[in-house]
Amino acid sequence: MGTVILIGTVAIIVAIVGCFVIWRLDASRAEEVEHTSPPPPRTGAQLEGRPSTPPRPIDP
């Protein structure tokens, strides 16, 4: 009987600790995603599909 109580107690403790670890990993990932910077703003040329620099001539 004592073995059953011991195994049950250990299982409950492992479950609680495991949930806490997974919760902290998830929270730290959410903070990382929240703090990532947005992409740089696009220029008018990029929005219209034109290249941002004029094309170079092929002949030297």
Side-chain angles (χ1 to χ4, degrees):
M1 184 68 182
T3 305
V4 173
I5 294 173
L6 178 66
I7 292 173
T9 304
V10 170
I12 291 171
I13 291 171
V14 167
I16 291 171
V17 170
C19 287
F20 179 75
V21 168
I22 290 173
W23 176 74
R24 277 309 308 156
L25 289 173
D26 185 43
S28 66
R29 176 68 180 142
E31 289 172 3
E32 177 184 335
V33 169
E34 184 178 309
H35 293 301
T36 54
S37 60
R42 297 174 64 182
T43 63
Q46 290 172 333
L47 292 174
E48 295 174 2
R50 293 181 295 154
S52 58
T53 57
R56 296 183 308 169
I58 297 175
D59 297 328

d(Asp26 CG, Ile22 CD1) to nearest 0.5 Å is 9.5 Å

*Are Leu25 and Val17 grouped together when hydrophobic residues (ILVMFWY) are joined by side-chain heavy atoms under 4.5 angstrom apart?*
yes

Exercise. Answer with yes or no whether the hydrophobic clustering places Val14 together with Leu6; edges join I, L, V, M, F, W, Y residues whose side-chain heavy atoms lie under 4.5 Å apart.
Key: yes

